[in-house]
Amino acid sequence: MAVLWAGALIQVATSVKVVADNIGVNWGTMTSHPLHPRIVVQLLKDNGFEKVKLFDSDPWMVGYLAGTGIEVMLGIPNDQLEFLSQDYGNAKDWVKENCTSHLHKGGVNIKYVAVGNEPFLTSYKGRFLKTTFPALKNIQKALNEAGLGNKIKAVVPQNADVYESKSDKPSDGVFRRDVKAVMAQIVRFLKENGAPFVVNIYPFISLTMNSKFPSDFAFFDGGHPIQDDNVQYNNVFEANFDTLIYALKDLGTPNLTILVGEVGWPTDGHKKANKNSAKKFYDGLFKVLASKKGTPLRPGEMDVYLFGLFDEDTKSIEPGNFERHWGIFDFDGKPKFTMDISGKGGDKHLVAAKGVKYLPKQWCVLESYASNQDLIGQQTSWACARSDCTALQDGASCSNLDPDRTVSYAFNSYYQMNNQDEDACDFEGLATVVSKDPSTMSCRFNTQIKVDGATRLSFAQGAVAAISSLVTLFFLF
């Protein structure tokens, strides 16, 4: 037995050396079939991740991180900001229930509380403008009064769209006019409490939102540099980061510590979202992080959280179909590609999730002799509106399927999301269940994982999003 355990310890120790202590990962749960937290925490440990950022604070989920030593950033969803801003007592109760209760011997290593998530996105149209700062103050005050203020800091993860540059040069960086006043309050408060500014930077979004954006500038290979006085920027990540520093300088806090709360590259749902591009981006990012050269305005080590851990099939696709494909692991915990997280030539596969169980190897497909052919388009759209067909979109991994297989993909997506229920493979008599895998070289027809009976339904927070985020598809028949 001792020999067996020794081998396991060697594997874990080797993994820990690969992931630097300045690299964390985001663990999102907007999925119809979540992996059990026990499996996820083991995956984090096996791969040497010592920091994890959450989007909620479910005590059942957080509890599995107890005793691991993994540094945790708890999350407070935006829809709780008003409640926490209205009454300090609400914030005190939140801290007691979600922080203090976990801080016993062998408990959870909570480092930050993320008060909201990108609350000042332009798409929210100011909805959280009046509640974010009061909620932040109340949470930090409650942490301080509980004697946790030196250990746990309240922060507000912001999307990079809160600042801008009229010239596209970092030196012209300022916060957006509509949020500048409240950002001034927030950054001063963060400084006073020794808390960092958390920013989410997405070069992929920069590339896809601007048709004239040079592709190589989204990566780290150089090309199309930006010259800003005597400083040259060779990639948008560093230019964006320094734009923030100029914006902070404009508000009088140029030395505020900065954490990159989210950075990554999706692998599907868009013509520029694929595994090759994702690997290229991450390899470049890890080299930059390993060099510890930082950016022109902020030399030194940078702290980042990769986004994200898994693909999430019920996440809102309002920003784009790629939103469900940010994971460095697939939905079932299998690594998508080799990664050089060390940034020093250590390219290898991450350790896959252990103990994952699957539903039977069977798929729902279009019946080859189906009648009512005129219903195919209607039934396909119906299936996609209630499942995940983002891989069928133009330029995505399954966009080149023939018409019949395209329909089959949609039917199977709905069938698997509904746990292979017999009634979920009917579609007005158009579908049938088969045991032969219909996948192609580029397009995978999934069989879903078996959700552990102990996994609470509340853990799949995003299930409703699959219905509310309707996918409109156009098929040629």
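In this text, all values refer to a predicted model and were calculated from it rather than measured experimentally.
Here the straight-line distance linking atom CZ of Phe55 with atom OG1 of Thr29 works out to 9.0 Å at 0.5 Å rounding. Atom OG of Ser397 and atom NE2 of His325 lie 7.0 Å apart (nearest 0.5 Å). With rounding to the nearest 0.5 angstrom, the CD1 atom of Ile258 is 7.0 Å from the CG atom of Leu256. In this structure, the separation between CG on Asn321 and CG on Leu392 is 9.5 Å, given to the nearest 0.5 Å. Here the straight-line distance linking atom NZ of Lys357 with atom CG of Leu35 works out to 13.0 Å at 0.5 Å rounding. Taking CG of Asn47 as the start and CG of Leu350 as the end, the distance is 4.5 Å to the nearest 0.5 Å.
Look at Glu312 and Arg324 and you find no salt bridge, because none of the NZ, NE, NH1 or NH2 atoms lies under 4.0 Å from a carboxylate O. Under a 4.0 Å N-O distance rule, the pair Glu301/Lys292 qualifies as a salt bridge. A salt bridge is defined here as a Lys NZ or Arg NE, NH1 or NH2 lying under 4.0 Å from an Asp or Glu carboxylate O, and Asp250 with Arg177 fails to meet this definition. Under 4.0 Å is where a charged nitrogen must lie from a carboxylate oxygen, and between Asp221 and Lys280 at least one such pair does. Looking at Asp394 and Lys271, no side-chain N of the basic residue comes within less than 4.0 Å of a carboxylate O on the acidic one, giving no salt bridge. Salt bridge annotation for Lys130-Glu82: absent, with no cationic side-chain nitrogen under 4.0 angstrom from a carboxylate oxygen. Between Lys51 and Asp21, no side-chain nitrogen of the basic residue sits less than 4.0 Å from a carboxylate oxygen of the acidic one, so the salt-bridge criterion is not met. Using a 4.0 Å cut-off between a side-chain N of Lys or Arg and a carboxylate O of Asp or Glu, Lys279 and Asp283 qualify as a salt bridge. A salt bridge does not link Lys53 with Glu71: none of the charged nitrogens is closer than 4.0 Å to a carboxylate oxygen.
Looking only at distances, a side-chain donor or acceptor of Thr295 sits under 3.5 Å from a matching main-chain atom of Arg298. Side-chain atoms of Lys293 do not come within 3.5 Å of backbone N or O of Val288 as any donor-acceptor pair. Proximity of a side-chain donor or acceptor of Thr132 to a complementary backbone N or O of Leu129 within less than 3.5 Å is not detected. Under a 3.5 Å cut-off, the side chain of Asn200 and the backbone N or O of Glu262 do form a donor-acceptor pair. Distance alone, capped at 3.5 Å, is enough to place a donor-acceptor pair between the Asp340 side chain and the Gly343 backbone. Asp313 places a side-chain N or O within 3.5 Å of a backbone atom of Ser32 that can act as its donor or acceptor partner. One N or O on the side chain of Ser413 and one on the backbone of Asp388 form a donor-acceptor pair closer than 3.5 Å. Judged purely by atom type and a 3.5 angstrom limit, Asn159 uses its side chain to pair as donor or acceptor with the backbone of Asp161. In this structure, the side chain of Asp311 does not engage the main chain of Phe331 through any donor-acceptor pair within 3.5 Å. Side-chain atoms of Asn235 come within 3.5 Å of backbone N or O of Glu238 as a donor-acceptor pair.
Considering only heavy atoms from C-beta on, Trp94 comes within 4.5 Å of Cys99 through its side chain. Leu84 places a side-chain heavy atom less than 4.5 Å from the side chain of Ile139. Under the 4.5 Å side-chain criterion, counting only non-hydrogen atoms from C-beta, Pro59 is in contact with His102. Residues Phe322 and Trp265 form no side-chain contact, since every pair of their non-hydrogen atoms from C-beta on lies 4.5 Å or further apart. In this structure the side chain of Thr131 reaches within 4.5 angstrom of the side chain of Phe128, judged on heavy atoms. The side-chain heavy atoms of Leu190 and Phe197, taken from C-beta on, include a pair separated by under 4.5 Å. Counting heavy atoms from C-beta outward, Met339 and Phe286 have side chains that approach closer than 4.5 Å. Between Pro119 and Gln158 there is a side-chain heavy-atom pair separated by less than 4.5 Å.
Heavy atoms only, all atoms of each residue included: Gly346 and Ser342 are closest at N-OG, 3.5 Å. Closest of all the heavy-atom pairs between Gly149 and Asn144 is CA-OD1, 3.1 Å. Between Gly261 and Asn26, the shortest heavy-atom distance links the atoms O-ND2, 2.9 Å. Taking both residues in full, the closest heavy atoms of Val236 and Pro203 are given as CG1-CB, 3.4 Å, listed atom of the first, atom of the second, then distance. Among all heavy-atom pairs drawn from Ala396 and Ala391, the shortest one is CB-O, 3.2 Å. In terms of heavy atoms, Ser165 sits closest to Thr243 at CB-CG2, 4.3 Å.
For CG of Asn210, the number of neighbouring non-hydrogen atoms (other residues, nucleotides, ligands) closer than 6.0 Å is greater than 12. Under a cut-off of 6.0 angstrom, the local environment of CZ in Arg444 is crowded, with over 12 non-hydrogen atoms contributed by other residues, nucleotides or ligands.
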Please lay out, stage by stage, how Asn90 and Asn138 fare under the test side chain to side chain contact (heavy atoms under 4.5 Å, CB included). CA-CA 9 Å; Asn90 295 338; Asn138 282 346; over 6 Å; no
Which is it for Tyr233 and Asp242 under the side chain to side chain donor-acceptor pair (under 3.5 Å) test, yes or no, and what are the steps along the way? CA-CA 10 Å; Tyr233 291 94; Asp242 278 5; 2.6 Å; yes
For side chain to side chain donor-acceptor pair (under 3.5 Å), just list the numbers for Asp172 and Tyr246, CA-CA rounded to whole Å, side-chain angles, deciding distance to a tenth of an Å, and then say yes or no. CA-CA 7 Å; Asp172 284 325; Tyr246 275 107; over 6 Å; no
Stepwise salt bridge (charged side-chain N to carboxylate O under 4.0 Å, His left out) check, Lys315 with Glu323: CA-CA 7 Å; Lys315 195 176 179 188; Glu323 280 295 329; 2.9 Å; yes
Before you tell me yes or no, could you show the steps for Trp60 and His36 under ring pair (Phe, Tyr, Trp, His ring centres under 6.0 Å), namely the whole-Å CA-CA distance, both residues' side-chain angles and the distance that decides it to 0.1 Å? CA-CA 11 Å; Trp60 177 77; His36 194 284; 5.4 Å; yes
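For Asn446 and Gln448, the side-chain atoms include no donor-acceptor pair closer than 3.5 Å. With no hydrogens or angles considered, a side-chain donor-acceptor pair links Asn419 and His33 at under 3.5 Å. Judged by distance alone, the side chains of Lys275 and Thr267 never bring a donor and an acceptor atom under 3.5 Å apart. At a cut-off of 3.5 Å, with distance as the only test, a side-chain donor of Tyr358 or Asp332 sits close to an acceptor on the other residue. A donor-acceptor pair shorter than 3.5 Å cannot be found between the side chains of Asn240 and Tyr202.
Between Phe281 and Phe220, the ring center distance clears the sub-6.0 Å criterion. Taking the centre of each ring, Tyr124 and Phe120 stay at or above the 6.0 Å mark. In this structure, His270 has its ring center closer than 6.0 angstrom to the ring center of Phe204. For Phe49 and Trp27, the gap between ring centers reaches or exceeds 6.0 Å.
The aromatic rings of Phe310 and Phe329 are tilted relative to each other, their planes meeting at an angle between 30° and 60°. Relative orientation of the Trp326 and Phe307 rings is perpendicular, given thresholds of 30° and 60° on the angle between their planes.
Screening Val41, Val40, Ile39 for a side-chain contact (heavy atoms from CB on, under 4.5 Å) with Tyr64, the sole residue that qualifies is Val41.
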